Amino acid sequence: MSESLAGARSLLARAERVTVLTGAGISAESGIPTFRGESGLWRSHRPEELATPEAFRRDPELVWSWYAWRRSIVATCEPNEGHRALARFALDRGGVTLVTQNVDGLHHRAAVAEAGDRASEPAHPWELHGSLLRDRCFDCNLKSDAHFPPVNELDTGPSRGSDWPETEVRDVEIPRCDACGGLLRPDVVWFGEALPTDALEGAFEAAAVADVCLVVGTSALVHPAASIPRATLRAGRPIVEVNLEPTALSPYAEVSLMGRAGATLPELLR
Ligand code: BV8
Ligand code: ZN
């Protein structure tokens with residue numbers, strides 16, 4: 001076992017309370033493109049173009065069909081060994097607060113799978129940026145389950161990479177709110193929008209009292225999520241990072257484990 005893995009394991013073994021912050025990197029091995037990697041989602045489009053309320057006002061069909069395409073990918077993905085190792089870790093010991101920037105719902109699916117009939121309702125992670133599995137009315141904010149278009153309607157063709165087949169999805173009909181007839185949007189947090197208060201406060205409170213903050217698969221560029229591990233640092237406690245490459249947080253990490261989350265987390269958390 002490498003020295004850094006042994007170091008990280010002993011930090012976690014001694015910790016009573018652990019806060020975990022994950023980003024798109026933990027879902028990469030499930031087949032969901034990340035945002036900034038070489039095959040990143042943003043490669044073909046700038047975030048400002050798609051993940052903002054202004055973009056939705058300007059071209060709701062463009063934004064809606066980008067999310068419909070992403071939903072069609074998420075619908076065919078499964079949690080990977082990284083999600084499942086984290087779910088087991090949280091189930092097997094108390095004091096673990098899972099916070100995610102991801103909107104794919106894979107952490108919760110892993111928790112349900114790992115809990116089996118062990119727990120009535122496994123803990124939901126704090127979803128800082130909302131969820132693709134829900135819609136919300138753009139006008140009155142009424143929430144509903146996501147209106148998944150039938151995948152054949154999307155005709156996304158063979159490619160599941162990040163080259164979004166824009167043409168085939170343009171004619172997707174945007175569903176409307178049952179209560180007020182407004183256009184529905186995915187229940188995710190767009191740039192320039194506030195994060196859900198309960199998730200944000202819950203995450204910062206947990207990180208402030210955590211003995212270790214474990215940061216997995218995030219470039220740590222999007223705020224305020226990327227500031228959460230700093231609450232642990234301010235309390236004089238360490239950050240352990242799992243990533244394929246150095247990130248904005250690496251200089252502050254006690255241990256930076258370079259490796260795929262799906263391979264590293266089962267080793268680290270066993
Ligand atoms: C807000 C949901 C105010 C939608 C997303 C200038 C400086 C600082 C901040 C700002 C600024 N200008 C503007 C801001 C604020 C802005 C921001 O942070 N911008 C950034 C780009 C600079 N933030 C906001 O606008 C936030 N809101 O500030 O509101 C406010 C307050 C009160 C009232 C009103 C307003 C809202 C931010 C949320 C935006 N929504 N997503 C959707 O998904 O479509 S952000 C999006 O990026 C995703 O949620 C994603 O999770 C998130 C972060 O990206 P990562 O998860 O880190 O993914 P990334 O691809 O970047 O990195 C992947 C990592 O994984 C890499 O490091 C890679 O090496 C690694 N990896 C890959 N494979 C693996 C792996 N690691 C391990 N194993 C592998 N196999
Ligand atoms: Zn409405």
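Note that ligands are numbered from 1 as they come in the structure, with each ligand's atoms numbered from 1 the same way. Along the sequence shown, residues are numbered consecutively beginning with 1. A quick note: this is a predicted structure, and the numbers were derived from the prediction, not measured.
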Under 3.5 Å: N/O of [X] near N/O of ligand 1:
X: V188; answer: no
X: F191; answer: no
X: S219; answer: yes
X: W66; answer: no
X: A24; answer: yes
X: A261; answer: yes
X: L195; answer: no
X: R70; answer: yes
X: R260; answer: no

Report the part of [X] (side chain from C-beta onward, or backbone N, CA, C, O) that has a heavy atom under 4.0 Å from ligand 1; answer both or neither where that applies.
X: Q101; result: both
X: E193; result: backbone
X: L221; result: backbone

Please state the angle at the Zn ion (ligand 2) spanned by SG of C177 and SG of C140: what is it, rounded to 10 degrees?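 About 110° at the Zn ion (ligand 2).
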Which of the atoms of ligand 1 are close to [X], meaning less than 4.0 Å from one of its heavy atoms?
X: A194; result: 32 (C), 33 (C), 34 (C), 35 (C)
X: G217; result: 63 (C), 64 (C), 65 (O), 76 (N)
X: Y67; result: 4 (C), 42 (C), 44 (O)

Find out whether the Lys NZ or Arg CZ of R176 is both under 6.0 angstrom from the six-membered ring centre of W64 and within 45° of the ring's axis.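 Ring-cation test returns no.
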